[in-house]
Amino acid sequence: MSSRVWVVAGFCLLVGGGSSAFAQDRPPQSKRPNVLFILADDVGYGDVGFQGSEISTPNLDALAAGGARFANFYNSARCCPTRASLLTGLHPAQAGFPDMRGRIPSNAATIPEVLKTAGYNAYMVGKWHLGHEDKPTDRGFDEFFGMLGGFNSYWREDPFYTRWPKGRARRSYAPGEFYSSNAFGDYALDFLKQAREAGKPWFMYLAFNAAHFPIHAPEDVVARYESVYADGWDKLRERRLARMKELGVVAKDVELTPRLIVPKNWANEKKEWAADKQVPAWDSLPEDRRKDLARRMAVYAATIDVMDRNVGRVVEFLKATGQFDDTAIFYMSDNGACGEWDPFGFDGESGPNNVLHVGEALKEIGAPGSYSSVGSGWANASSTPYRYYKQYTHEGGVKTPMVVHFPAGLAVPPGTSIPAVGYITDVMPTIVELAGATYPRERDGGPVMPMEGASLVPLLKGGDRPTRPVFIEHEDSKALRDGDWKIVQERGGRPWELYDLASDPTEIHDLADREPERVKTMAAAWSAWAVRVGLREAPPRVVHGTIELKPGATLGGGDAPAIAGEPLRIEATVRDARRGGVVASQGGREQGWSLHVRDDGKPALAVRRDGALFELAGDRALGDEPTRLSAELRRDGSARLLVDGVEVARGQAGGRVPSQPKDPLIVGDDRQSAVGDYPTPRPFRGAIIDARLTVGAAVAAD
């Protein structure tokens, strides 16, 4: 059973630098461990030494050798959703981050807030990426230095890296001296010295931005890797897999996945390198391209190398001050490696441009002023032996090496690999139990959502815990792992895939056609979970009639309204409509409809019938004021468009949508294949106040 402590009564405690108030009981005081949580950024499954990498990470390797490793631990596929789950113990949608924008809600507790119940001080260094409305010191941390956003220069301190609370002591770096990972090490040591003087147990969240783009690293470290990647990603994948098998990271019979088919995305559609095409064989590339790519990977490796050196500085301080054995140290990555946006990576902040660096210009990659990524070819290698990477829910995107080093609190032999499945929501209950803290019942006078995860402590003590399914979703990439079975569905309206991870851990052999009932049962469980955590609305109870739709709602599969052969009306009240975008859509390039505002500000209805596109548009641009839009596809196949109840266009669509669309109904976007003549995604740039869809006989005739 998972260990959960519930509050029955108590008093209010003012938390950290913010205004959060908990009702709670304070547990008896006793010696409590310090907790250090180290989070890497976009570091792939095979990118650290103890996982079989050639990158030098001796300090992380030592933590793995002296601690316990979780062989089947999962993140939430992307930076901020994982970070929100980590700090709250909730699924991303519950924690305010169903996608890349959000805010931790007031009815969610954070780890530092909860640890205050046990007398802890809390410190954060590094990448926050949980919105700018709340600073880390508003959510329980006593001190913070780092970046509030998701990515920026490693070399440039101002204006990206800030100190909170304002007015606290700040280091001064000479011109050319600042480098983020080194600065994070500096501030981590400063805060640990403060913690030692305070005499209280402490929690530190050390969240590096290595190895997120733009990849930057000191030239002397890059030089160590200059020749390492010259023979390319194909040879690297083979070497890493062989080393993984030698170390016991994977079984001897594990198959290496084929080179990846890179999915379509908004960026690679605009480049010469086409989407939905396989990563090219390394030897097929021209020499100048191979040199450019080898330099990119050398810089990427150097960012991880420098991160590890700063982990070593912190560990050395803990050893020198006698705190090492009594500190629970965690390490993991927030998601898989970054494949943005194609095998050749990108350069520049403004878009998907790629620069081929030759000669002396190669050294520009990673230098101050550069802005580069490694691309999907190397990300595919970083995910060895798995498929995909960051943003996707196949194993390469969501599986992470997770280490717990805690000599005073582990009952398993050093270096133990724990096969039990774990998920990022398990971090909160684990730390709560280790710290002897009390999880709150209330915050700011309202009820707090209960933790979703289960403590890992029984596993660290050499015991067991009940098997729990792991549900994951990110931007319509979905997965459910239940025991050894996993279903996964990537974005773009693709069907569910099914894998037996016991015999096929690299997800090569799709069994969905052989076991359709298992897929159906697991998909239904995923949909029920998605409704429970607020990721999607409950399925409509009727296929005909009117369905109220919330802005941002997504209804797919069996949850989507049945529109095949039916008349329909979509209505929405919008504001700032002249900025354009899709108000609501259902379907894609084959079947469906879309109510949208074109770039010229004119409202439009698009209808797809077996791939043929019909579009009806108004003759006047919309303004900023609240406007009621309505579009009808009628029983006789005619269509009309209304603005504030006045018909502005009428035409003949040729019939109703003949079959149920595969793509979901989305309010405020068209993210998969496009219904209309526009690129996807196509988010509405104004505000949607309300929306509803009427299907069937309730749509009036003339």
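No hydrogens, no waters, no symmetry mates; every other heavy atom, side chains included, goes into these values. Source: prediction; values computed, not measured.
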How far apart are the C-alpha atoms of Arg239 and Asp231, what are their side-chain angles, what is the distance that settles it, and do they pass the salt bridge (Lys or Arg N to Asp or Glu O under 4.0 Å) test?
CA-CA 11 Å; Arg239 285 197 300 270; Asp231 58 356; 2.7 Å; yes
Okay, side chain of Trp526, backbone of Ile472: is any donor-acceptor separation there less than 3.5 Å?
yes
Name the orientation class of the two ring planes belonging to Trp529 and His91 (parallel below 30°, tilted from 30 to 60°, perpendicular beyond 60°).
perpendicular
Just checking, any donor-acceptor pair under 3.5 angstrom between side chains of Ser382 and Asp47?
yes
When you compare the side chains of Tyr423 and Ser85, does any donor N or O come within less than 3.5 Å of an acceptor on the partner?
no
Could you verify whether a donor N or O on one side chain and an acceptor N or O on the other, from Arg32 and Tyr120, lie under 3.5 Å apart?
no
Qualifying ring pair (Phe, Tyr, Trp, His ring centres under 6.0 Å) pairs, either residue in residues 223-242, two or more places apart
Tyr229-Trp378, Trp233-Trp282, Trp233-Trp378
Under the side chain to side chain contact (heavy atoms under 4.5 Å, CB included) rule, collect the residues that match up with Pro469, sequence neighbours excluded.
Phe471, Leu480, Asp482
Chi angles and distances behind the side chain to side chain contact (heavy atoms under 4.5 Å, CB included) call for Glu143, Gln194
CA-CA 10 Å; Glu143 306 282 351; Gln194 286 185 35; 3.5 Å; yes
Pair listing, ring pair (Phe, Tyr, Trp, His ring centres under 6.0 Å) test, anchored in residues 293-320, at least two apart
none
Within 45° cone and under 6.0 Å: Arg196 NZ/CZ vs Phe191 ring
no
Which ring pair (Phe, Tyr, Trp, His ring centres under 6.0 Å) pairs, counting each pair once, include a residue from residues 37-63, with sequence neighbours left out?
Phe37-Phe330, Tyr45-Tyr386
Arg243/Glu238 ion pair, N-O < 4.0 Å
no
Just do the side chain to side chain contact (heavy atoms under 4.5 Å, CB included) check on Tyr389 and His394 with the steps written out, would you?
CA-CA 8 Å; Tyr389 35 70; His394 281 81; over 6 Å; no
Tyr179 and its ring-ring contact (aromatic ring centres under 6.0 Å, His included) partner, picked from Tyr161, Tyr154, Phe184:
Tyr154
Mind checking whether Phe203 and Tyr205 have parallel, tilted or perpendicular rings, split at 30° and 60°?
parallel
Residues pairing under salt bridge (Lys or Arg N to Asp or Glu O under 4.0 Å) where one sits in residues 372-388, two or more places apart or in two chains, turn out to be Arg387-Glu497
Arg259/Asp234 under side chain to side chain contact (heavy atoms under 4.5 Å, CB included): CA gap, chis, key distance, verdict
CA-CA 8 Å; Arg259 285 192 307 276; Asp234 294 322; 3.1 Å; yes
Can you list every salt bridge (Lys or Arg N to Asp or Glu O under 4.0 Å) pair that touches residues 404-416, not counting sequence neighbours?
none
Can you name the nearest heavy-atom pair linking Cys338 to Ala379, along with the distance?
O-CB, 3.4 Å
Under 3.5 Å: donor-acceptor pair, side chain of Asn335, backbone of Lys390
no
Taken in chain and number order and not counting sequence neighbours, the residues that satisfy salt bridge (charged side-chain N to carboxylate O under 4.0 Å, His left out) with Lys486 are Glu395, Glu507
State whether Arg78 and Glu475 are salt-bridged, where the test is any N-O pair (Lys NZ or Arg NE/NH1/NH2 against Asp/Glu carboxylate O) under 4.0 Å.
yes
Pair Asn121, Trp202 - check side-chain hydrogen bond (donor to acceptor under 3.5 Å, both in side chains), show working.
CA-CA 5 Å; Asn121 283 347; Trp202 49 264; over 6 Å; no
Has Thr327 got a side-chain atom pairing as donor or acceptor with Ile329's backbone, closer than 3.5 angstrom?
no
Within the distance-only criterion (no hydrogens, no angle test), does the side chain of Thr110 pair as donor or acceptor with the backbone N or O of Leu87 below 3.5 angstrom?
no
The side chain to side chain contact (heavy atoms under 4.5 Å, CB included) partners of Arg309 (sequence neighbours excluded) come to Val221, Arg224, Asp305
Please report the closest heavy-atom contact between Ser417 and Pro419, naming both atoms and the distance.
O-CD, 3.5 Å
In chain order, what residues pass the side chain to side chain contact (heavy atoms under 4.5 Å, CB included) check against Asp504, with sequence neighbours excluded?
Tyr499, Thr506, Ile508, His509
What I want to check is whether the side chains of Thr321 and Gln323 have a donor and an acceptor closer together than 3.5 Å.
yes
Only residue of Ser180, Cys79, Cys80 satisfying side-chain contact (heavy atoms from CB on, under 4.5 Å) with Lys127 is Cys79
Could you check whether Thr430 and Asp426, counting side-chain N and O atoms only, form a donor-acceptor pair closer than 3.5 Å?
no
Using every non-hydrogen atom in the two residues, find where Ala435 and Ala118 come nearest and quote the distance to one decimal.
O-CB, 3.7 Å
Of all residues at least two apart in sequence or in a different chain, which pass the side chain to side chain contact (heavy atoms under 4.5 Å, CB included) check with Ala420?
Ile418, Leu459
Within the side chain of Thr82, is there an N or O that forms a donor-acceptor pair under 3.5 Å with the backbone of Ser76?
yes
Any sub-3.5 Å donor-acceptor pair from Arg240's side-chain atoms to Gly46's backbone N or O?
yes
Taking atom types as modelled, is there a side-chain donor on Glu433 or Ser455 under 3.5 Å from an acceptor on the other?
yes
Do any pairs count as a salt bridge (Lys or Arg N to Asp or Glu O under 4.0 Å) and have a residue in residues 320-330, sequence neighbours left out, and if so which ones?
Lys31-Asp326
Flag for Gln391-His474: side-chain donor and acceptor within less than 3.5 Å
no
I need the minimum non-hydrogen distance between Ile55 and Ala301, along with the two atoms involved.
CG2-O, 3.6 Å
Under the salt bridge (Lys or Arg N to Asp or Glu O under 4.0 Å) rule, what do Asp142 and Lys200 come out as? Steps first, then yes or no, please.
CA-CA 13 Å; Asp142 298 294; Lys200 293 183 177 182; over 6 Å; no
Pairs in or reaching into residues 329-338: which pass salt bridge (Lys or Arg N to Asp or Glu O under 4.0 Å), with residues at least two apart or in two chains?
Arg83-Asp334
Say you draw a straight line from CG of Leu434 to CG of Asn34; how long is it, rounded to the nearest 0.5 Å?
11.5 Å
Between Glu490 and Ser477, is the side-chain hydrogen bond (donor to acceptor under 3.5 Å, both in side chains) condition met? List the steps.
CA-CA 4 Å; Glu490 294 299 356; Ser477 290; 2.7 Å; yes
Evaluate the criterion side chain to side chain contact (heavy atoms under 4.5 Å, CB included) for residue pair Leu256 and Thr384; output intermediate values, then yes/no.
CA-CA 7 Å; Leu256 184 64; Thr384 301; 4.0 Å; yes
The reported gap from CE in Met204 to CD1 in Ile38 (rounded to nearest 0.5 angstrom) is 10.0 Å
Under a 3.5 Å threshold, yes or no: a donor from one side chain and an acceptor from the other, between Asp308 and Asn59?
yes
Is it true that a side-chain atom of Thr393 and a backbone atom of Lys478 form a donor plus acceptor pair closer than 3.5 Å?
yes
